[in-house]
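Counting starts at 1 for both ligands and their atoms, following the listed order. Below, each value reflects all heavy atoms present in this structure, side chains not excepted, and no hydrogens, waters or symmetry copies. Since this is a predicted model, take the numbers as computed values, not measurements.
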Amino acid sequence: MNYRHAFHAGNFADVLKHVVLVETLGRLMAKESPLLYLDTHAGRGTYPLDDIAMQRGGEFRTGILPVLAAARPPAALCRYLELVRQTGAVDGVLRSYPGSPQIAQAMLRADDRAACCELAPLEADALRELMRGDRRIAVHERDGYEALGALVPPAEKRGLVLIDPPYEDPLEFDRLAKTLMAAHRRWPTGVYATWYPITRGGGAERYLALMRTSGLRRLLAVELMLRRADSPVGLNGAGMLLINPPFRLDEALGEAVDWLAATLGDGNGRGRVEVLVGE
Ligand SMILES: C[S@@+](CC[C@H](N)C(=O)[O-])C[C@H]1O[C@@H](n2cnc3c(N)ncnc32)[C@H](O)[C@@H]1O
């Protein structure tokens, strides 16, 4: 396991993922009853911009920084941008970029809970330290796929599962799909959001086709392409596949991904929000 998210934190793919996270969690919180946020691949929770890996990767420079600097972002980005500033800016200057657990922490209400799983010991240590003293949040140093099987359905009966693996393993899409279907059998009413990379020949289409024919209902795909999907560059785009998305999430996110594609793309960028399977 060599993956270190610090090389990539704050890139366009993180922006997409975290916009979807904030909008989804926010909409679930429209109801008063408490919920569980389960982050299967949580990372270290915060990424200081002056960290050597952050500086070397530098992907935040073409991700969150131009998004923060752009004029008049659409409404669906405002809460996300507010949380990025709240967690990481000092005197108006971004010093660190928040990971998914820190974003969720900033949103959780008093009776909500979060379970954050991270397999890499150093990342888990850093996350534990960051979350120390917050009794709503449990950090588990364990395999997130296995934890998902053990932790759902939650006592709250409501909540969001974020699955954000590193895709270093060529079989990651298969493991993801299998785990997702098993979790859905245990907890069919949970909301699931899974991140996936879009590279030339990388398997994203196969994953979506598999999920489309899986028998699961209420599937939504949200994608941000920065360039053409067949470009050999590397990460051409990123997507989120949601199961049981909250009401009207698709409408809110459509405008957001179009704007992000125009702001960050190379001219061939595009946003896509598609209901893969309906009710
Ligand atoms: C893409 S990063 C997570 C970023 C985080 N979700 C965020 O948005 O800030 C993936 C993380 O998963 C961890 N990881 C890899 N395999 C894992 C597994 N089987 N279970 C839990 N964590 C894992 C890696 O160490 C890495 O920190």
**Message:** Could you tell me if the side chain of L208 sits less than 4.5 Å from the side chain of L241, heavy atoms only?
**Reply:** yes
**Item:** Residue that, paired with S100, satisfies side chain to side chain donor-acceptor pair (under 3.5 Å) out of D14, D39, D164
**Value:** D39
**Asked** Tell me, do M225 and I198 make a side-chain contact under 4.5 Å, heavy atoms counted?
**Response** yes
**Request:** Give the numbers and elements of all ligand 1 atoms closer than 4.0 Å to a heavy atom of D143.
**Result:** 19 (N), 20 (N)
**Numbered atoms of ligand 1 (with element) below 4.0 Å of G43, judged on heavy atoms** = 27 (O)
**Fill in**
Honestly, for H5 the part within reach of ligand 1 (heavy atoms, under 4.0 Å) is side chain
**Request:** Would you mind checking which non-hydrogen protein atom is closest to atom 2 (S) of ligand 1, with the distance to 0.1 Å?
**Result:** Y3 CE2, 3.6 Å
**Request:** Can you establish whether the number of heavy atoms outside E205 located under 6.0 Å from its atom CD is more than 12?
**Result:** no
**Request:** Decide if atom CZ of R142 counts as having more than 12 heavy atoms of other residues, nucleotides or ligands within a radius under 6.0 Å.
**Result:** yes
**Prompt:** Please walk me through it: do Y37 and L162 pass side chain to side chain contact (heavy atoms under 4.5 Å, CB included)?
**Reply:** CA-CA 8 Å; Y37 169 69; L162 176 69; 3.3 Å; yes
**Distance-only N or O hit between ligand 1 and K17, under 3.5 Å** = yes
**Message:** For atom 20 (N) of ligand 1, what is the closest protein heavy atom, and at what distance to 0.1 Å?
**Reply:** G144 N, 2.8 Å
**Request:** For atom 8 (O) of ligand 1, find the nearest protein heavy atom and state the residue, atom name and distance (0.1 Å precision).
**Result:** H18 NE2, 2.8 Å
**Request:** Compute the ring centroids of Y97 and H18, then answer whether they are less than 6.0 Å apart.
**Result:** yes
**Asked** CZ of R109: more than 12 outside heavy atoms within 6.0 angstrom?
**Response** yes
**Item:** Lys/Arg N to Asp/Glu carboxylate O, R44 vs D51, below 4.0 Å
**Value:** no
**Asked** Does a sphere of radius 6.0 Å around CD in E32 hold more than 12 heavy atoms from other residues, nucleotides or ligands, not counting ones at 6.0 Å or beyond?
**Response** no
**Request:** Decide whether the shortest distance between a heavy atom of I103 and an atom of ligand 1 is less than 4.0 Å.
**Result:** no
**Asked** Quick one: does ligand 1 sit under 4.0 Å from the side chain of R142, the backbone, both or neither, non-hydrogen atoms only?
**Response** backbone
**Asked** Under 4.0 Å between a Lys/Arg side-chain N and an Asp/Glu carboxylate O for E82 and R85?
**Response** no
**Prompt:** Does P98 approach ligand 1 within less than 4.0 angstrom via side chain, backbone, both or neither, non-hydrogen atoms only?
**Reply:** neither
**Message:** Under a 4.0 angstrom heavy-atom cut-off, which atoms of ligand 1 come close to A120?
**Reply:** 25 (O)
**Message:** Give me the residue, atom name and distance of the protein heavy atom closest to atom 10 (C) of ligand 1.
**Reply:** D164 O, 3.4 Å
**Request:** Using a strict 4.0 Å threshold on nitrogen-to-oxygen distance, state whether D112 and R158 make a salt bridge.
**Result:** no
**Request:** Name the closest protein heavy atom to atom 7 (C) of ligand 1, giving the residue it belongs to and the distance to 0.1 Å.
**Result:** S100 OG, 3.0 Å
**Prompt:** What atoms in ligand 1 come closer than 4.0 Å to a heavy atom of P166?
**Reply:** 15 (C)
**Request:** Using a strict 4.0 Å cut-off to heavy atoms of G99, name the atoms of ligand 1 that fall inside it.
**Result:** 9 (O)
**Request:** Starting from atom 22 (N) of ligand 1, find the nearest protein heavy-atom neighbour and note its residue, name and distance.
**Result:** L119 N, 3.2 Å
**Item:** Those atoms of ligand 1 less than 4.0 Å from some heavy atom in A42
**Value:** 5 (C), 6 (N)
**Heavy-atom nearest option to atom 3 (C) of ligand 1, drawn from H8, Q102, H41** = H41
**Asked** E118 to ligand 1: N or O pair under 3.5 Å?
**Response** yes
